[in-house]
Protein chains: 2
Amino acid sequence: MNSSSTRRQATRAKLYEAAVTLIAEQGFSATTVDEIAERAGVAKGTVYYNFKSKTELFEELLRFGVGLLTASLQEAADEAERRGGTKIEALDGMIRAGLVFIDRYPAFTQLYVAELWRTNRAWQSTLMVVRQQAVAVVETVLREGVERGELSEEIDIPLTAAALVGMVLVAALDWQAFQRERSLDDVHAALSRLLHGRVGGC
Amino acid sequence: MNSSSTRRQATRAKLYEAAVTLIAEQGFSATTVDEIAERAGVAKGTVYYNFKSKTELFEELLRFGVGLLTASLQEAADEAERRGGTKIEALDGMIRAGLVFIDRYPAFTQLYVAELWRTNRAWQSTLMVVRQQAVAVVETVLREGVERGELSEEIDIPLTAAALVGMVLVAALDWQAFQRERSLDDVHAALSRLLHGRVGGC
DNA sequence: GCTTTTGCACTGACCAGTCAGTTCAAAAAA
DNA sequence: TTTTTTGAACTGACTGGTCAGTGCAAAAGC
């Protein structure tokens, strides 16, 4: 049972890997199950042995990917806490963690952004849940920062969290798509400056 | 001749209107030409009488929409200039203009974000051009701000522009999708605070 | 001896694009 | 003025192709 379930896990991983790239490039509807199977080096029947449908494969992929992102944001936040840093430092660390994630899994990020605000889709509810997990990590850090008096009491936590996530997401995707020559440190520096309010004179 | 060309324009407008909503909701591939025609109250043949293909309809829609956005950003920048405001004030006005645009055309914004970072798509080149127009407006204001000494010389213009655009885009879409109860002023205030660096103590 | 994977033929729904034909307002003819 | 003609705009049934999902017997792995 144990060895056979790792075997299943391996084919699932191959299918995720294949699906994420294809769907990021072409979108969900334009990507065929035959393509996914071929890219994964697996028979079409295997896709349906492992997943109920194309949609279910995609939903599990979303859960899987956002799980990774959330964990890595949380880890960055905990790391700052452990070192006794400020919450601004924690946010800075999370920006970097976000960039590293996007750098490693650009296709997933692309796909996530493309699907997030669609309405009337089968996986809408899955996305809502999964988005909330990720944003909640940022909101928590903001809330703790306000409580400790490190952040202004007047900030609007949900909106600021959304704006910060957006800033990182879009800057990173733009970097990947249109400004490949820049280093991760360049991007991090630019975002960090914005976070610290060092754009205007101040 | 005159009345017939306005008739054409009217059907084209109806088709844009129908297509933008459907594609924003479902994506390009998942939206059928039959659906677009039905929503527009027009026969399928009419779509093909007015546009070479489904893709061409979509490309013209992109050009049309980003044209509107660029114009409204530029207008906000000019308005600040006319009043002799600082470049930070200009950026603030552009943030508001962006929010107003997204509030009025949420479907278009959704669709733009969903398609922007896809690779291997037929309209890729159209999108590149059109994105550059929009980002260039922001970059110009940043550059002028640095020249005048109002903004730090150390900011990275292309990356900061991308980050600002992303901040507005994502915060606004999140507002529309998940935080409907907030007012445009709330969202503007939150973003403005981030722009002015009033999140941390400073 | 189970679970898992393969290979492949098949079905039925769906859909982009076509095309022969219709509509109608305005120009030309009577 | 009335009648006829013209052609741009529009219509919707139809076609050829594509694709999600099925079924199943045989092989491979554990």
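Quick caveat, the model's predicted, so the values are computed rather than measured. Note on naming: letters A, B, ... go to the chains in the order of the sequence lines (proteins, then strands), and numbering restarts at 1 for each one. Computation of the quantities below employed the complete heavy-atom set of this structure, encompassing side-chain atoms and omitting hydrogens, waters and symmetry-equivalent molecules.
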Do B:K44 and B:Y49 meet the cation-pi criteria used here (NZ or CZ under 6.0 Å from the six-membered ring centre, within 45° of the axis)? no
Once you apply a heavy-atom cut-off of 4.0 Å, does B:T55 come out as touching a base, just sugar-phosphate, or nothing? nothing
Figure out the CD1/P separation between B:I36 and C:dC15, and round it to whole Å. 12 Å
In whole Å, what is the span from the NZ atom of B:K54 to the P atom of C:dC15? 9 Å
Residue of the set B:Y112, B:F108, B:Y16 for which ring pair (Phe, Tyr, Trp, His ring centres under 6.0 Å) holds with B:F64: B:Y16
Measure the spacing between CG of B:L91 and CG of B:L142 and express it to the nearest 0.5 Å. 5.5 Å
Enter the distance from B:L116:CG to B:L127:CG here, rounded to the nearest 0.5 Å. 6.0 Å
Euclidean distance, atom CD of residue B:E35 to atom P of C:dC15 [Å, nearest integer]: 7 Å
Can you check the B:E38 CD to D:dG12 C1' distance for me, whole Å? 13 Å
Can you measure A:F28 atom CZ to D:dC19 atom P for me and round it to whole angstrom units? 14 Å
Value in whole Å for how far the P atom of D:dG21 lies from OH of A:Y48: 4 Å
Output for pair (B:T70 OG1, B:F101 CZ), nearest 0.5 Å, gives 8.5 Å
Does a side-chain N-to-carboxylate-O contact under 4.0 Å join A:E60 and A:R12? yes
Among B:E144, B:E147, B:E139, B:E150, which one satisfies salt bridge (Lys or Arg N to Asp or Glu O under 4.0 Å) with B:K87? B:E144
What is the separation between atom CD on B:E56 and atom C1' on C:dG17, rounded to the nearest whole Å? 14 Å
Quick one: do B:D156 and A:R182 make a salt bridge, cutoff under 4.0 Å? yes
Dump the pairs, protein N or O against N or O of nucleotides 5-11 of chain C, anything under 3.5 Å, distances to one decimal.
| residue | atom | partner | partner atom | Å |
| --- | --- | --- | --- | --- |
| C:dT5 | OP1 | A:T11 | OG1 | 2.7 |
| C:dT5 | OP2 | A:N50 | ND2 | 3.1 |
| C:dT6 | OP2 | A:A43 | N | 3.1 |
| C:dT6 | OP2 | A:T46 | OG1 | 2.6 |

Nearest whole angstrom, please: distance from the C1' of D:dA20 to the NZ of A:K52. 14 Å
Gap between atom OG1 of A:T11 and atom CZ of A:F51 - 0.5 Å precision: 8.0 Å
If we fit an axis to the first five pairs and another to the last five of the helix from C:dG1-D:dC30 to C:dA30-D:dT1, what angle do they make, to the nearest 10°? 20°
